[in-house]
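In what follows, a single structure is set out as structure tokens and then discussed.
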Number of protein chains: 2
Amino acid sequence: MAKNGPITKSAAVRDRGVTMNDVANHAGVSRTTVSFVLNNRSTANISEETRKRIIESVQELGYRPNAGARALASQRSDWYGLVTEIVTAPFAVNVIKGAQDQAWLDRRFLLIAPSDQADAVGPNQGMEDAAIEKLLEQRVEGLLYAATFHRGVHVPKSAHEVPTVLINCFDADGKLPSIVPDERAGGRVAVERLLVAGHRRIGVINLDPQIPAAVGRLEGARDALAGAGLELDPELVVSGYATADGGYEAACEILDRYPKDERPTALFCLNDRMAMGAYDAIKERGLTIPGDIAVIGFDNQELIAAYLRPKLTTVALPFEKMGALGVRTLAALTAGQPITADQQLVDCPLLERSSV
Amino acid sequence: MAKNGPITKSAAVRDRGVTMNDVANHAGVSRTTVSFVLNNRSTANISEETRKRIIESVQELGYRPNAGARALASQRSDWYGLVTEIVTAPFAVNVIKGAQDQAWLDRRFLLIAPSDQADAVGPNQGMEDAAIEKLLEQRVEGLLYAATFHRGVHVPKSAHEVPTVLINCFDADGKLPSIVPDERAGGRVAVERLLVAGHRRIGVINLDPQIPAAVGRLEGARDALAGAGLELDPELVVSGYATADGGYEAACEILDRYPKDERPTALFCLNDRMAMGAYDAIKERGLTIPGDIAVIGFDNQELIAAYLRPKLTTVALPFEKMGALGVRTLAALTAGQPITADQQLVDCPLLERSSV
DNA sequence: AAAAGTTGTTGACACGCTTTAGTAACGCGC
DNA sequence: GCGCGTTACTAAAGCGTGTCAACAACTTTT
């Protein structure tokens, strides 16, 4: 045979993987033809017979295309990079899952790189840059940049060399498109749920009032109350650390402040960890959930919400959806389509369990 | 210039990335020399002057090596693949973190592929194979295969084409090396902790008695008791579903079965979710933790253990360590070193919090 | 019967890099 | 002035694939 190229050693002689040349030789055609068949090039007319013979050879030899070589030759990689500190934050790992699944559907490959620094300015600053650099060395066609909690971020400038989409955060410099949860709608939905259940006096256990999550969710709570002709009583809003202890203390303060008949009948906890603490405060006082006090959370940290007793009704952060949407947005960008908006809001669905 | 190759268009003309050729031209040397410098080839004598000039050119032009091309030419990829259903199981994501960090240290790249199927035999079976296939197309030099819970698995046969290491699971066919938690030592450590605290009557809330985790942890509990001249009272071992509800029911059964003075003074819960349920059962009966009943868990599901009130003392599953060890083992294998053991056990450290 | 398609296939270059086998220039000992 | 070793570099052959221009063998049109 020895048709293609000066030297055509067989796979066995080379002791490397089976290459396209081996397939071509085995099927008695040129390598080009094999390439056309494997890539379904409709412009090339390959006879059904030849195609079949090639497919058979592929399977017989166990040929597996070399993704790197393909990328090199075609100048397309089908790879996206995902940079995230999420690797350290278990509960937000669903971004990875959503992105992975969508990438899989789109026949793309997701390269995940760690950037272990929430707000590092010090020694770790370099790691994020290095991670992005590494991804660019792999010639990813686009970047996803995900944060563990909704906030503004500064993205290393090398990320601007390819299409980049931010997930669960937004570009503090206002250049890059982003995908964030619709905190406000989520807050509205939560409080509406409490209103529907008949609650009129609702306590709010707030996060650090500065962060986007707190601002949005509280705004949503106001929206809901306004819809029922009510106002948010500032006295009923207590801030605390975003932990179970913080929630416990805040709940104690609210519960102990009023006589029984003026006490709020429901608590909107701006995250599930605080709700967890609120549960303790409520139970400690001999009150029942949801009988005496209804509780609604936010975040849907499954390990908490689904295992509290009673199970916690909460508003979910749509990590998985955001991940998937991130990949789709990136696909649109790399395909040259202009995206519709700088910032896409994703719905936060209410998960009904048993605490309201 | 135009020294290298027949055509030597500049980067600007090509409108592609900067290549090694561009660097070579800019520095006035051959591409080979650039390659030698960038790879620190000590066999080649490059003058300090030339080296410096090349480094400068690299920075000036913003050259970034093409990882795919490099892999193609050198027949080495520096990539490992990690196959895992873990992407769906947030609490075990630390395997990814451990592996990522270690890979980063070793200057290797970890490609993560999803295999969304715990025990699928049906429609999803193909996904795992496809994931491995995809990784092999990327020419990964080795594979890590991680499970969400300790068990025997059947690994697709294509995984046998490259060095493969199992994490948190073992090869049911007994061929591949694996890394698993030392459940037995963990169980021992937990019960020893209770013994040290003076407890003699210890209730055990057991998992499904069949699974490796239950077998090992219980065995360890027996070891510890034997060390104190005690035996495990089978009556005090109650199995339940591995959930908070399961733990609640099991705890109720144990607590209600005995008069106050015969009641166990401590509960060893074989996982944290069950401990969470046990907390409720204990508090419901007006008992305090650890005053009346000490509780110790297993798994260290941080979102639970660190946020329960009081915080849960528990034995940690060393996911991060296993991930790191997996990468190191793989590195040894791919370097041709024989590994020492088929199955490596990793310690499960006791995390002291406030429930004992 | 010549010209103009059509169908099925291939040769050859390109992608960006590594690596082996060189070579030119120089200094050294005899 | 010759051989020999050293130093500092380079030419060229790959790695496995995509892709385009070209071509041979037919079929159809003029």
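Every chain is numbered from 1 and lettered A, B, ... according to where its sequence line falls, protein lines coming before strand lines.
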Rounded to whole angstrom units, what separation is found between the [atom1] atom of [X] and the [atom2] atom of [N]?
X	N	atom1	atom2	answer
B:Glu48	D:dT7	CD	P	15 Å
B:Ile54	D:dA8	CD1	P	13 Å
A:Arg51	C:dG8	CZ	P	11 Å
B:Asn39	C:dT19	CG	P	7 Å
A:Asn45	D:dA24	CG	C1'	15 Å
A:Lys52	C:dG8	NZ	C1'	18 Å
A:Glu49	C:dG8	CD	P	11 Å
B:Arg53	D:dA8	CZ	P	13 Å

Side chain of [X] (C-beta onward), nearest among [options]:
X	options	result
B:Thr19	D:dT17, C:dG16, C:dT9	C:dG16
B:Ser74	C:dT19, C:dT10, D:dC9	C:dT19
B:Phe36	C:dC17, C:dT20, D:dG16	C:dT20
B:Arg76	D:dG16, C:dT9, C:dT19	C:dT19
A:Met20	D:dC20, D:dT17, C:dT20	D:dT17
B:Asn66	D:dC9, C:dC15, C:dC17	C:dC17
B:Arg41	C:dT20, D:dT19, C:dT9	C:dT20
B:Thr32	C:dG11, D:dG16, D:dA11	D:dA11

Counting only side-chain N and O atoms of [X], is one of them less than 4.0 Å from OP1 or OP2 of [N]?
X	N	result
B:Ser35	C:dC17	no
A:Thr33	C:dT10	yes
B:Thr50	D:dC9	yes
B:Ser47	D:dC9	yes
B:Arg70	C:dC15	no

Is [Y] paired with [X] through a side-chain N to carboxylate O contact shorter than 4.0 Å?
X	Y	answer
B:Glu137	A:Arg70	no
A:Glu49	A:Lys52	no
A:Glu133	B:Arg64	yes

Inset, instruction - Check whether the side chain of B:Ser30 and the base of D:dA11 form a donor-acceptor pair under 3.5 Å. - result: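 Counting by modelled atom types and ignoring angles, no donor-acceptor contact under 3.5 Å is found here.
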Inset, instruction - Kindly indicate whether the side chain of A:Arg31 and the base of D:dG18 share any N or O donor-acceptor pair separated by less than 3.5 Å? - result: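 Such a pair exists between side chain and base.
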Legend entry - Polar contact flag, side-chain donor to acceptor under 3.5 angstrom, B:Thr32-B:Ser35: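 Result is no, nothing qualifies.
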Legend entry - Flag for B:Glu128-B:Tyr145: side-chain donor and acceptor within less than 3.5 Å: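 Side chains of B:Tyr145 and B:Glu128: pair found under 3.5 Å.
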Inset, instruction - Go through the steps for B:Arg53 and B:Glu56 under the test salt bridge (Lys or Arg N to Asp or Glu O under 4.0 Å), then give the verdict. - result: CA-CA 5 Å; B:Arg53 196 146 31 92; B:Glu56 279 170 12; over 6 Å; no
Inset, instruction - Assign A:Leu72 to base, sugar-phosphate, or nothing according to its heavy-atom contacts below 4.0 angstrom with the strands shown. - result: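 Contact class for A:Leu72: base.
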